[in-house]
Amino acid sequence: MSSTEYQRALGRRIAQERKRRGLSQPELARLVDRSVAWVSQVERGVRKVDRMSVLEKVAEVLELPLSELAAEAPMVAAASEEIPGTAGLRLVLSGAHSLRAMLHTAPVPPTAEIAVRVDKAWELAHESRYVELADLLRGLVPALETAVRSAEEERRPELFELLAATYQACSAALAKLEEPEAAWIAADRAIVAAERAGDPLMMAAGAFRLGFVFLGARHFDQVEETARTATEALWFLAEDGKPEAMSLWGGLTLQRAVAASQINDANVAYGHLARAREVAARLGDGRNDYNTEFGPANVALHEIAVAVELGDAGQALRVASSVDASALSAERRARMLIDLARAHAQRRQVDEAVSTLLEAETIAPEQIRNHRIVRQLVSDLLTMHEPPRADLRELADRVGA
């Protein structure tokens, strides 16, 4: 039995057992602490029960042995090729660059010259151009590690800030590549460099990157702890209207909202969104402090993501109808379209979902073709459309679905 067939069979079995017990969908939703939309989508086979703890809860409520719901689950061995550039980024972090820098001094380039290369690293990270990023960092990281130790004392803080920003870009790319261990190392080095620069806001930016690492690894309690402690430390600066602090506080609060949605805590998730929306309204759009892109448009993008995760496709589509994301990076706009495609899929609107994914591919092709969620979404869409439309089959080939 394939994964998709199991998903459908599981949904039918849950619906059958729910009716046998005389439960409505809202009653089952309350008993398993999920949304009504989640129950409906699981029973229709368009949403996975992707955590064993949730499946155990469903089995308990339906008074069934867990084995009866899980017995036919397919054993799937997913062997996928490593995305080009991944090994190169790991190797950048593996070099003993700081040791060499301590033992061998070298002339320090002008700060402006180094800053251009750091900005380029962020550009490549946002555009998912991992091979080029690895090539750039292979020279930039050891050069910066040497510069911060060779420079005169008064220049070191600005150079440590550039080193922190470089490690943050590396961490951001590795988090997207689903390399949490390496991404964690890069984020930690960024925080240490920011501390040596004496820059608490840059340290908060490192915590922001660490939050993405924990989100990707599904360590939601660590997301909450990192973001909570950082936002508490930043709040007095944000409340006083310091724009950079407001951006970081807002970005971290949005991470808390996403983490809450992942554990199906709708009240907490929407509460964080409301607080972030208030700060974003004060800040306005058009800023990109520490590459957070925080502002009203980004809050709306996160509300779409949260709504989709909670199974509220209607809310996601309503928010999307009024948001203008044109000023945001290609990466963020593509991610919004992925979430919109997921919302359409939850409503079995296959044509709309495919068109939305194809639009996202024109904006950020490498991001779409290398994204695990996209690959799974396309696989699901193939089963919803019989026979699959030609452009969907072609997209499946490109993403490896």
For a 4.5 angstrom cut-off between non-hydrogen side-chain atoms, does [X] reach [Y]?
| X | Y | value |
| --- | --- | --- |
| Leu381 | Leu395 | no |
| Ser98 | Arg149 | yes |
| Glu132 | Glu127 | no |
| Val258 | His302 | yes |
| Arg196 | Val148 | no |
| Val58 | Val42 | no |
| Ile368 | Ile338 | yes |
| Arg189 | Leu93 | yes |

Kindly check if the number of other-residue, nucleotide or ligand heavy atoms within 6.0 Å of [atom1] ([X]) is above 12?
| X | atom1 | answer |
| --- | --- | --- |
| Asn267 | CG | no |
| Glu195 | CD | no |
| Trp122 | CH2 | yes |
| Arg389 | CZ | yes |
| Glu152 | CD | no |

Kindly compute the distance separating [atom1] ([X]) from [atom2] ([Y]), expressed to the nearest 0.5 Å.
| X | Y | atom1 | atom2 | result |
| --- | --- | --- | --- | --- |
| Asn291 | Phe208 | CG | CZ | 9.0 Å |
| Leu144 | Glu161 | CG | CD | 12.0 Å |
| Arg398 | Asn370 | CZ | CG | 13.0 Å |
| Tyr167 | Ile191 | OH | CD1 | 13.5 Å |
| Leu377 | Arg372 | CG | CZ | 12.0 Å |
| Glu158 | Asp199 | CD | CG | 12.0 Å |

(request) Would you mind listing every salt bridge (Lys or Arg N to Asp or Glu O under 4.0 Å) that reaches into residues 240-261, with sequence neighbours excluded? (result) Glu224-Arg256, Lys242-Glu244, Glu244-Arg287
(request) Among residues two or more places apart or on two chains, list those pairs meeting salt bridge (Lys or Arg N to Asp or Glu O under 4.0 Å) that have a residue in residues 315-334. (result) Lys176-Glu331
Ignoring hydrogens, what is the shortest heavy-atom contact between [X] and [Y]? Give both atom names and the distance.
| X | Y | value |
| --- | --- | --- |
| Ala143 | Arg117 | CB-NH1, 4.5 Å |
| Ala207 | Thr226 | O-CG2, 3.7 Å |
| Leu137 | Pro142 | O-CD, 3.7 Å |
| Ala325 | Met336 | CB-SD, 4.2 Å |
| Ala125 | Ala169 | CB-O, 3.9 Å |
| Glu43 | Leu28 | OE2-CD2, 4.2 Å |

(request) Tell me, with the steps shown, if Glu17 and Arg21 meet salt bridge (Lys or Arg N to Asp or Glu O under 4.0 Å). (result) CA-CA 6 Å; Glu17 294 298 329; Arg21 288 204 58 215; over 6 Å; no
(message) With side chain to side chain contact (heavy atoms under 4.5 Å, CB included) as the criterion, how do Thr362 and Leu358 come out once you've worked through the C-alpha distance, each side chain's angles and the decisive distance to 0.1 Å?
(response) CA-CA 7 Å; Thr362 65; Leu358 292 175; 5.9 Å; no
Test item: [X] side-chain N/O and [Y] main-chain N/O as donor-acceptor pair under 3.5 Å:
| X | Y | answer |
| --- | --- | --- |
| Glu293 | Ser329 | yes |
| Arg20 | Leu62 | yes |
| Ser247 | Pro243 | yes |
| Ser150 | Ala106 | yes |
| Arg375 | Val399 | yes |
| Ser35 | Leu310 | yes |

(message) Salt bridge check, Arg369 against Glu361: does any charged N sit closer than 4.0 Å to a carboxylate O?
(response) yes
(message) Does this structure show an ion pair linking Arg282 with Glu278, if we count only N-O contacts that are shorter than 4.0 Å?
(response) no
(request) Assign the ring pair Trp249 / Trp235 to parallel, tilted or perpendicular, where the plane angle (0 to 90°) is split at 30° and 60°. (result) tilted
(request) Determine, stepwise, if the pair Leu55 / Leu10 fulfils side chain to side chain contact (heavy atoms under 4.5 Å, CB included). (result) CA-CA 10 Å; Leu55 192 62; Leu10 176 62; 4.1 Å; yes
(request) Please assess Leu317 against Gln349 for the test side chain to side chain contact (heavy atoms under 4.5 Å, CB included), listing each intermediate value before the final yes or no. (result) CA-CA 12 Å; Leu317 296 172; Gln349 297 169 338; 4.2 Å; yes
(request) Apply side chain to side chain contact (heavy atoms under 4.5 Å, CB included) to the pair Leu140 and Ile114, showing each step before the final yes or no. (result) CA-CA 8 Å; Leu140 180 57; Ile114 301 175; 4.1 Å; yes
(request) Sequence neighbours left out, what passes salt bridge (Lys or Arg N to Asp or Glu O under 4.0 Å) with Arg138? Give chain and number order. (result) Asp135
(message) The test is salt bridge (Lys or Arg N to Asp or Glu O under 4.0 Å); show your working for Arg18 and Glu27 and say whether it passes.
(response) CA-CA 9 Å; Arg18 172 180 62 78; Glu27 287 171 329; over 6 Å; no
May I ask you to check whether [X] and [Y] show a side-chain donor-acceptor distance below 3.5 Å?
| X | Y | answer |
| --- | --- | --- |
| His97 | Arg100 | no |
| Ser94 | Arg90 | no |
| Glu179 | Thr86 | no |

(request) Apply salt bridge (Lys or Arg N to Asp or Glu O under 4.0 Å) to Arg335 and Asp339, showing your working. (result) CA-CA 6 Å; Arg335 182 57 211 235; Asp339 288 327; 3.3 Å; yes
(request) Would you check, one step at a time, whether the test salt bridge (Lys or Arg N to Asp or Glu O under 4.0 Å) holds for Glu123 with Lys120? (result) CA-CA 5 Å; Glu123 178 186 328; Lys120 183 64 177 179; 3.2 Å; yes
